[in-house]
Amino acid sequence: MNRSSAHPLDARARQLLRTLISHYISDGQPVGSRTLAKSSGLDVSPATIRNVLADLEEVGLVAAPHTSAGRVPTAQGYRVFVDSLLEMQPPDEDQLAQLRRELPTDAATPDLLNSATSLLSEMTHFVGVVSVPKREEFPFRHIDFVMLDASRLLVILVFTDGQVQNRVVATQRAYGASELEQIANFLNGQFAGMRIDEIRARLLREMREEGVRLNRLLSAAVEVASQAFQASTDSDMLVAGQTRLMGRQDQADIDRLRELFEAFQRKRDLLQLLERCARADGVRLFIGEESGFAALDGFSLVTAPYGVHGRILGVLGVIGPTRMAYERVIPMVQATAQIISGTLNRAQPAQ
């Protein structure tokens, strides 16, 4: 998350920037030199503070709204604040206990993530988001078949995280009940505990090794499994608490808020951003325009990865205004991701 600052500041400027941003996060009002003189803890005059603020404005860390003599932080100012001036405040024991108590330990992964999204929104008072892993990220536990008609087969897949998925596949011929039972027994015996991509690779390898000598059972299993274990192409994300942003934006920001709500509906661009976060290490923070995603201008996104046995499955996080209490939000997101990962690790066998 940390980046080296392009704006080296002396100790006085750092303290004034820290105080200014803390005040602005607290009450949302531009901060003037008299306020800073009283609360910065520095023995300097308001005139000296005005000179320092002018320097901070010149390098793009603060800005002066046209209606006020005070200053507000810019996205660059927030970045310097988070990277080098912020003192993190990890969740207290009561908050950690609430997370562990309210996150289900025996639910299917989508239910666990849905609870995490809502809980993050509730505890931070912002929007909770989480990218949902594709089914093939989890090993499959069991497969069953039901012949629907002469050319359609219902496949019932049970995964190790407890989720059940039904797929209808087309077949070249009808299969009898006993034949389907044999195929299911074969696939369950050979592939239970493997991920779908591993199953497909092994099936292709066995087909190449057997060549034209495929026996009837293996031939039938290959036909059915090639479709039953087809990788999904759709990604998804869960969003909770969008309305929490409505009371936090000024009237001038309503259009920006509307654009963000439309992005929640479309999902595609936000999902791509979350996938970028999943490919990076640790907590990620995008402030305003840093994300390169226009709908997030004026907002911040904090994410942390979650996974199972060292393999990242996705990210969860919060979206809120740039004027957020980063020292509390960042550790809360990180702690939630760690608890989710711990829950998944206990539920999933190590590969």
*D10, CG atom: more than 12 neighbouring heavy atoms under 6.0 Å*: yes
*Side-chain touch I143/I156, heavy atoms, less than 4.5 angstrom*: no
_Measuring only between side-chain heavy atoms, which start at C-beta, is T343 closer than 4.5 Å to N345?_
no
_Spacing of CG belonging to L180 relative to CG belonging to N185, to within rounding of 0.5 Å_ = 11.0 Å
*Taking C-beta and beyond as the side chain, do T19 and H23 meet within less than 4.5 Å on heavy atoms?*
yes
_Within 6.0 Å of CZ in R266, more than 12 heavy atoms from elsewhere_ = yes
*Could you state the interatomic distance from CG (L9) to CZ (R18), rounded to the nearest 0.5 Å?*
10.5 Å
*What closest approach, in Å, do F138 and P133 show between heavy atoms, and which atom pair accounts for it?*
CE1-CG, 3.7 Å
_Between I183 and F145, is there a side-chain heavy-atom distance shorter than 4.5 Å?_
yes
_Short side-chain to backbone donor-acceptor contact, Q15 and S40, under 3.5 Å_ = yes
*asked:* Regarding R152 and T171, do their side chains bring together a donor and an acceptor under 3.5 Å, going by distance alone?
replied: no
*Cluster question for you: counting only ILVMFWY and a side-chain heavy-atom cut-off of under 4.5 Å, with indirect links fine, are V59 and V72 together?*
yes
*For the residue pair R100 and Q98, confirm or rule out a side-chain donor-acceptor distance under 3.5 Å.*
no
*same_hphob_cluster(V224, L148) at 4.5 Å side-chain heavy-atom cutoff*: no
*Do F191 and V158 sit in the same hydrophobic cluster, where Ile, Leu, Val, Met, Phe, Trp and Tyr count as joined when their side-chain heavy atoms come under 4.5 Å apart?*
no
*asked:* Can you classify the ring geometry of Y78 versus Y24 as parallel (below 30°), tilted (30 to 60°) or perpendicular (above 60°)?
replied: tilted
_V283 versus V302, closest heavy-atom pair with distance_ = CG1-CG1, 4.2 Å
*To the nearest 0.5 angstrom, please state how far the CG atom of N51 sits from the OG atom of S45.*
8.0 Å
_Applying side chain to side chain donor-acceptor pair (under 3.5 Å), can you list everything that pairs with Q272, at least two apart in sequence or on another chain?_
none
*For R71 and P65, work out which heavy atoms get closest and say how close.*
CA-CD, 4.5 Å
_Ring of Y326, cation from R328 - is the NZ or CZ under 6.0 Å from the centre and inside 45° of the axis?_
no
*Does a side-chain heavy-atom distance below 4.5 Å link V82 with L285?*
yes
*Could you tell me whether the side chain of M237 reaches within less than 4.5 Å of the side chain of V132, counting heavy atoms only?*
no
*Considering only heavy atoms from C-beta outward, does the side chain of F299 approach that of S291 to under 4.5 Å?*
no
*Using a 4.5 Å cut-off on heavy atoms from C-beta on, say whether the side chain of L17 contacts that of V62.*
yes
